[in-house]
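A, B, ... follow the sequence lines: proteins, then strands. Residue 1 opens every chain.
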Number of protein chains: 2
Amino acid sequence: MKRPTIADIARSAGVSKVAVSYALNDQPGVSEQTRAKIKAIAREVGWRPSNAARALNGAKARAVGLAVCRPARTLSVERFFMELISGIESELAPRSIALMLQTVTSHDDEIELYRRWWGEGRVDGALLVDLHDDDVRIPAFAAMDLPVVALGPPEAAGPVPAVWSDDGASIHETVAYLAALGHRHIARVAGLPRLAHTTVRDAAFEAGCRAAGLPEPVMVHTDYSGDEGARATRGLLIAAERPTAIVYDNDIMAVAGLSVAQELSLDVPRDLSLVAWDDSPFTQVVRPQLTALTRDIAEYGACAARILLAAVDEEPVADSQVPAARLVPRASTSAPQRR
Amino acid sequence: MKRPTIADIARSAGVSKVAVSYALNDQPGVSEQTRAKIKAIAREVGWRPSNAARALNGAKARAVGLAVCRPARTLSVERFFMELISGIESELAPRSIALMLQTVTSHDDEIELYRRWWGEGRVDGALLVDLHDDDVRIPAFAAMDLPVVALGPPEAAGPVPAVWSDDGASIHETVAYLAALGHRHIARVAGLPRLAHTTVRDAAFEAGCRAAGLPEPVMVHTDYSGDEGARATRGLLIAAERPTAIVYDNDIMAVAGLSVAQELSLDVPRDLSLVAWDDSPFTQVVRPQLTALTRDIAEYGACAARILLAAVDEEPVADSQVPAARLVPRASTSAPQRR
DNA sequence: CTGAAGTGCGGAACCGGTACAGCAGGAGGG
DNA sequence: CCCTCCTGCTGTACCGGTTCCGCACTTCAG
């Protein structure tokens, strides 16, 4: 029992393949009566268009690619990805466009994978995540003519259309808030130093401190893991000049940092204020609840998907900005204790 | 500048299309010399096989499907999915097989989606997650001849090959451990009641309590969210007969439950012991650290992917069991305080 | 009554590969 | 020297659709 083809339908309707093709695609060229008959037969035998055959005639693949350059087993550590995929799906699913997902181990592999996907006609476009400074993927994609959208700051995306949020503004808001509370020594536990958004946030953090008249801030770079977040926090808290506030680049590190503070018998927020970049259920289940920079990651992904689909349809696309993360003050921040 | 085809290569090598096809697929029929020449040209012009053309000749789609029947925006709430996808990817990526991911809103849509993917030749197989009792997808898949593997208890998977872990054994181990500590009133904050693994765990929980000579346990069903976990915990703790231990069906609810206990000024573990199903970074960053049922979710996904790929290759497949979750005692469990 | 325009449909080519039969030409055995 | 076998390659059909072109027939204006 093979899949039915338009030839089967044609035979059983007593018309030619061509008539069937026109009928099923709602194109002119057949009478309404014939069209109805053909459609009825198609429905009856459970006909589906062969994606392969259509693709061979230059149709779209109806799928977009997302390669993630991280070890497969660590995909899940950060909430970010799943949220992003959620958002992307929320745009793709209603249009019946699938997401091709694959993990790769290097940017070179990633470029090669996209080249293959594109060459094989398996995807119509691609999303670029985890933008680096001087990212090798940017020139590579500029050379291919695969529609692509980058998630990250436009200055790192170069000629590739970027979907981005103003992380600098969020950092400024946070630093200004902490300074207004009376903090003077603010530290930052940042993520991977080579990521473009880390660079942006680092610069904004320094600029914000300078603008608020604070001394040069301490910044530590990590790999986003709870372990490194804890270690960085420990390092900051046992230093001679202890910061009175720490801003973390993700929620996992902030929660880990809170544990470290509690181990060291520091009261949060009296002795130490904490801010997490990216909100999550966890910033709200720990005690005290963590002040966080909230943003709609899913919307970030959805916006990128929208832009990508527009690019695939050869509509003109431009960089698109999503709202910056907003500071949501909770119980982990307050005026510093007077020593 | 179009994509090069084997016809282009044939022209430039001065041979026929067929010779090129043989050469590039390492099939006999051409001399080594010609093969080398053809391969060199192919590499030079950047030729990639057209997936569509190959699929048309009955080749595999080199992709497997995963439809997830949850609102796209909530995909990220549970760590489970991302871990699962990580594990699946760890098997697929080395074989250059892609994962087609799409969220759907009902099981009927999911069946329809798979029917379409399969009919269109876009996937070679499918993974079934979130098995329900009397799952409508099981008979539907039995009717299609799409290779499929279910993640869940074999009794729910029916004729579909299942990859499963013995959740009952893990629950038994947990109940026995708590009973050995001296607990007599143990409650369970479970997940969605219609999910097959919830049914299995519920039954095992009751059986375990009976076996240990404990009174009939209280079980509350939730939607896995932190909110419902907190609410359920609150309900249990203000009841006349307060449990001295609570076992949660995921880590998020357990952490939420811990917060509720602390709000109610209960000391964990002196007044209340807590156990989380599924370990995560968060069970270890809260204080006290949570006793948890650890399992390798990624391996679960990897195993399912392996079985599916075997099924796709028409190798005989059987149900496959992955190791059950193991109890890892931490600071959230101890003997109950004598009242 | 003739010519033009429009409708409904079919034939054939094509997309980019693969499968299969067959055909030269050289080697080797009898 | 002839016949067979093997090697290396080509021609052709085919997968399941789409698209272009054109044909037969009807309709209607002139």
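Atom C1' of nucleotide D/dG8 and atom OH of B/Tyr22 are separated by 11 Å, given to the nearest angstrom. In this structure, CG of A/Asn51 is placed 11 Å from P of D/dT18, rounded to the nearest angstrom. Following rounding to the nearest Å, A/Asp26 (CG) and D/dT18 (C1') show an atom-to-atom distance of 15 Å. The nearest whole Å value for the distance from the CD1 atom in A/Ile6 to the P atom in C/dC9 is 15 Å. Rounded to whole angstrom, the span from the CG atom of A/Asn57 across to the P atom of D/dT18 amounts to 7 Å. Here C/dC14 presents its C1' atom at 9 Å from CG of A/Leu56, a figure rounded to the nearest Å. Here the C1' atom of nucleotide D/dG17 and the NZ atom of A/Lys60 are 18 Å apart, to the nearest Å. Separating the CG atom of A/Leu24 from the C1' atom of D/dG17 is a distance of 11 Å, rounded to the nearest angstrom.
At the phosphate of D/dT19, OP1 or OP2 sits under 4.0 Å from a side-chain N or O atom of A/Gln27. An OP1 or OP2 oxygen of C/dG16 is reached within less than 4.0 angstrom by no side-chain nitrogen or oxygen of B/Arg54. Under 4.0 angstrom from either OP1 or OP2 of C/dG17 there lies at least one side-chain N or O belonging to B/Trp47. Residue A/Ser16 places at least one side-chain N or O closer than 4.0 Å to OP1 or OP2 of C/dG10. Using a 4.0 Å cut-off, some side-chain N or O of A/Ser21 falls inside it from OP1 or OP2 of D/dT18. In this structure, A/Thr34 reaches the C/dC9 phosphate: one of its side-chain N or O atoms is under 4.0 Å from OP1 or OP2.
Taking for each of A/Asn25 and B/Ala19 the nucleotide of DNA chain D with the nearest heavy atom, the 5'-most of the two is the partner of B/Ala19.
Using a 4.0 Å cut-off between charged side-chain N and carboxylate O, A/Asp313 and A/Arg95 make a salt bridge. Residues A/Arg116 and A/Asp109 are not paired through a salt bridge, judged by the lack of any N-O separation under 4.0 Å between the basic side chain and the carboxylate. Classification of A/Arg48 and B/Glu112 as a salt-bridged pair holds, one side-chain N sitting under 4.0 Å from a carboxylate O. Look at B/Glu299 and B/Arg306 and you find a salt bridge, because one of the NZ, NE, NH1 or NH2 atoms lies within 4.0 Å of a carboxylate O, short of that distance.
In this model, no side-chain donor or acceptor of A/Lys17 finds a partner on the base of C/dG10 within 3.5 Å.
Looking at heavy atoms from C-beta onward, A/Arg62 lies in side-chain contact with B/Arg122 at the 4.5 angstrom threshold. At least one side-chain heavy atom of A/Leu24 sits under 4.5 Å from a side-chain heavy atom of A/Trp47.
Counting any heavy atom pair closer than 4.0 Å across all strands shown, A/Val15 reaches sugar-phosphate atoms only and no base atom. Contacts of A/Arg35 with the nucleic acid, taken as non-hydrogen atoms under 4.0 Å apart, are absent. Within 4.0 Å (heavy atoms only), A/Val30 reaches sugar-phosphate atoms of the nucleic acid but no base atom.
When distances are taken from the side chain of B/Ser31 to each of D/dT12, C/dG10, D/dC9, the shortest belongs to D/dC9. Ranking D/dG17, C/dC20, C/dG17 by closeness to the B/Val18 side chain, first place goes to C/dC20.
For B/Asp26, the CG atom sits in a packed shell: over 12 heavy atoms of surrounding residues, nucleotides or ligands are nearer than 6.0 Å.
Every residue two or more places apart in sequence or in another chain that forms a side-chain contact (heavy atoms from CB on, under 4.5 Å) with B/Ser50 is listed here: A/Leu56, B/Arg3, B/Ala52, B/Ala53.
An end-to-end axis angle of 60° holds for the helix from C/dC1-D/dG30 to C/dG30-D/dC1, taken from five base pairs per end and rounded to 10°.
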